[in-house]
There are 2 protein chains.
Amino acid sequence: MIDFTQLDPVIHEKARLSIMTLLTTRSPRAFQDIKSELKLSDGNLITHLRTLTREKYVHETKATAADSARQCTSYEITASGQNAFQTYLKILEAIVRHTKYP
Amino acid sequence: MIDFTQLDPVIHEKARLSIMTLLTTRSPRAFQDIKSELKLSDGNLITHLRTLTREKYVHETKATAADSARQCTSYEITASGQNAFQTYLKILEAIVRHTKYP
DNA sequence: TAAAACACTTTGTAGCGCAAAGTTAATTTT
DNA sequence: AAAATTAACTTTGCGCTACAAAGTGTTTTA
């Protein structure tokens, strides 16, 4: 059978899975963009982004005053984040395949 | 983007996802078989099976004394459980597809 | 220069995953 | 045949985390 213990708990969480999926297609993305696109509350989003940042799956960049007047924090996926996500996706594929051709 | 709110929280949980995957290929299965195959602790397994039973995704059958001397509880996936799981799998496929061909 | 709008942060709580300990019943041992 | 052991679940309790409501500091508008 599939080894479900391999399913990275950092990624296997609705909100973080959606963030990773979003950031995979285009990075970096601003906090506000992620928030509106994924319809997550401020508090919920920041905690998940913090988790992903702590795990070094995403990288945080705070815009300085020179860049723009208002503060703007952006996030992009890191190399190790991409690796972890690819591994995660392989298991998803295995699950789908397994249920189709058991 | 993919609508992650559609991701059924009952299924989107490592242990329950593994149980659903297992029961999809062959039902019914005994408590002990599930436990040893998925390497879950007794307490952990029963709570997840209870959740799935409460949601009517699986059906519980307790063997009567006539069937066997020792008690033996078996679980099989229900029709609505299969439906829910198929819907869940469609989203998994969408995620995989999205990351491959964004 | 108030006050309203942004862009995050912090805080509090409710709920859940998990395993250790408990319960009941059936074998096996003495 | 009584006691001990094994089997098959169940219950209980803790620790963690997702989530939103309230808070903070800055910037723009009236």
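Note: hydrogens, waters and symmetry copies are ignored here, and every other heavy atom, side chains too, is used. Residue numbers begin at 1 in each chain, while the letters A, B, ... track the order of the sequences.
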Within this structure, what is the NZ-to-C1' distance between A:K35 and C:dA5, rounded to whole angstrom? 12 Å
Roughly, in whole Å, what's the span from CG in B:L38 to P in C:dG17? 15 Å
Between CD of A:Q71 and C1' of D:dT27 the distance, given in whole Å, is 10 Å
Report yes if at least one side-chain N or O of B:K62 is closer than 4.0 Å to OP1 or OP2 of D:dT10; otherwise report no. yes
Rounding to a whole Å, what distance do you find between B:R70:CZ and C:dT23:P? 19 Å
For B:R16, which residues count as a salt bridge (Lys or Arg N to Asp or Glu O under 4.0 Å) partner, sequence neighbours excluded? none
A:I46 CD1 to C:dT9 P: how many Å, rounded? 4 Å
Only pairs at least two apart or in different chains count here, so list each side chain to side chain donor-acceptor pair (under 3.5 Å) that has a residue in residues 84-102 of chain A. A:H12-A:Y88, A:E93-B:K100, A:K100-B:E93
Kindly give the atom pairs (protein nitrogen or oxygen, nucleotide nitrogen or oxygen) under 3.5 Å for nucleotides 12-19 of chain D.
unit_1	atom_1	unit_2	atom_2	d
D:dA18	OP1	A:R16	NH1	3.0
D:dA18	OP1	A:R16	NH2	3.0
D:dA18	OP2	A:R16	NH1	3.3
D:dC19	OP2	A:N44	OD1	3.4
D:dC19	OP2	A:N44	ND2	3.2
D:dC19	OP2	A:H48	NE2	3.2
D:dC19	O5'	A:N44	ND2	3.2

Results of side-chain contact (heavy atoms from CB on, under 4.5 Å) for A:R50 - residues two or more places apart only: A:I46, A:T47
Among residues at least two apart in sequence or on other chains, which ones pass salt bridge (Lys or Arg N to Asp or Glu O under 4.0 Å) with A:E60? none
How many whole angstroms separate atom CG of B:D42 from atom P of C:dA21? 14 Å
Whole angstrom is fine here: how far is it from CG in A:D33 over to C1' in C:dC8? 14 Å
Say whether B:D33 and B:Y75, considering side chains only, have a donor N or O and an acceptor N or O under 3.5 Å apart. no
Between D:dC9 (P) and B:L45 (CG): distance, integer Å: 9 Å
With B:S36 via side-chain hydrogen bond (donor to acceptor under 3.5 Å, both in side chains) - residues at least two apart: none
